[in-house]
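Right, one structure below, let's go through it.
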Number of protein chains: 2
Amino acid sequence: MNHGIAIGKVSQASGVKVTTVRFYEQIGLLAAPPRTDGGRRTYDRKDIERLTFIRHSRELGFEIDQIRTLLELQDRPDQSCADADTIAKARLVEVKAKIASLTALQAELERMVDGCSHGRVESCRVIEILADHGKCKHHLHDA
Amino acid sequence: MNHGIAIGKVSQASGVKVTTVRFYEQIGLLAAPPRTDGGRRTYDRKDIERLTFIRHSRELGFEIDQIRTLLELQDRPDQSCADADTIAKARLVEVKAKIASLTALQAELERMVDGCSHGRVESCRVIEILADHGKCKHHLHDA
DNA sequence: CGTACATCCTCCAGCGACTATAGGAGCAAG
DNA sequence: CTTGCTCCTATAGTCGCTGGAGGATGTACG
């Protein structure tokens, strides 16, 4: 009887795919767990928590390196959380910028689509705007 | 006297990096231009236009394969622009979804940052929310 | 106990859209 | 003629996974 949790179970419980769990181990985001005699990885509840933390952080758009820092912070509860705050704030700034950029994008796409008279390419507003950036109202950054 | 435009010039004129211009040639997005005796690529005004079209399309978030289609359409002005319209509309739907997702994200990040009392990690709202997805108000999809 | 089947293992290649590096060769100005 | 910029090819790396091949292990059932 083995008390360890199999990789498939932690995957299900955490919402991180099996292959991705192994990938995280490979890049050192998750410690290599003990193995069964047959060589299978055996996890515990802590690992599920850690993976859930990672998945949620990824959903919030944090990069792996940032998550590495956040995980280190989580491991030292007595430390100041200034770093976590800084990382989250930086991400918030990014997200706001992205929303602004995408909103400009949306406006331009709508202009393109609305302007299209569904005729020939010759007079297509979509192609026209793509060809001539000068027809853009907004200056777009990376979207 | 050589009438061709050097890669550096088309790069500047179109806003596409030199390495990226060569990359586009490699993947067949841009035709291989004639060369000088010394083996250097020589472009013309049409190429600058094409690259500008590509860059603008990329800024609008279109994928390379979609741009391939859009470029083909541009080359045949007598055709219907229904395809261009479809591609642009699909992109618009994507952009709208992304904005919605990022807005939810923004709300959650703000909740994290606002809740942080700048004390120890132990009681840090940022770490707390990352660890426990149940504390999220919104269900986030890929952001 | 045998066997079928699910799950797991490692290794390696690929995705998209570039970007960067090494190690040269071309070319124009001073 | 030499300096220094631009250009060339070829290859490997980026990020965060994802997929497949080909085999081993674990388990449930008869």
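As judged by a 4.0 angstrom heavy-atom cut-off over every strand, A/R41 is placed among residues touching the sugar-phosphate backbone only. Contacts of B/Y24 with the nucleic acid, taken as non-hydrogen atoms under 4.0 Å apart, involve only primed sugar atoms and P, OP1 or OP2.
The two residues A/T42 and A/G4 have their closest heavy-atom pair at CB-CA, 3.8 Å.
Between A/E63 and A/R40, the one whose closest nucleotide on DNA chain D sits nearer the 5' end is A/E63.
The side chain of B/T19 approaches C/dA20 more closely than any other nucleotide in the set C/dT7, C/dA17, C/dA20.
Rounded to whole angstrom, the span from the CD atom of A/Q26 across to the P atom of C/dC9 amounts to 13 Å. Atom pair A/K17:NZ and C/dC15:P shows a separation of 17 Å (rounding to whole Å applied). Whole-Å rounding puts the A/R22 CZ to C/dT10 C1' distance at 9 Å. Whole-Å rounding puts the B/E59 CD to C/dA17 C1' distance at 15 Å. Rounded to a whole Å, the CG atom of B/D65 is 8 Å from the P atom of C/dA17. If you take CD1 of B/I67 and P of C/dG16, they are 13 Å apart, rounded to a whole angstrom. Summarising the geometry, the separation between CZ on B/R58 and P on C/dC18 is reported as 4 Å, rounded to the nearest angstrom.
Hydrophobic clustering places B/I27 together with B/L70 (ILVMFWY residues linked when any side-chain heavy atoms are closer than 4.5 Å, directly or through intermediates).
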Please test B/R58 against B/R55 for side-chain contact (heavy atoms from CB on, under 4.5 Å), starting from the C-alpha separation and ending with a verdict. CA-CA 5 Å; B/R58 289 291 302 136; B/R55 191 201 35 137; 5.6 Å; no

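The CD atom of A/E94 sits 9.5 Å away from the CG atom of B/L109 when rounded to the nearest 0.5 Å.
Under the 3.5 Å distance criterion, the side-chain polar atoms of B/S101 are left unmatched by any main-chain donor or acceptor of B/A97.
Once you apply a 4.0 Å limit to the heavy atoms of chain A, the touched nucleotides of DNA chain D run 5' to 3' over D/dG16 to D/dG26.
A side-chain contact (heavy atoms from CB on, under 4.5 Å) with A/E108 holds for exactly one of B/L92, B/L60, B/V95; it is B/L60.
Listed by chain and number, the residues in a salt bridge (charged side-chain N to carboxylate O under 4.0 Å, His left out) with A/K96 are B/E110 (sequence neighbours excluded).
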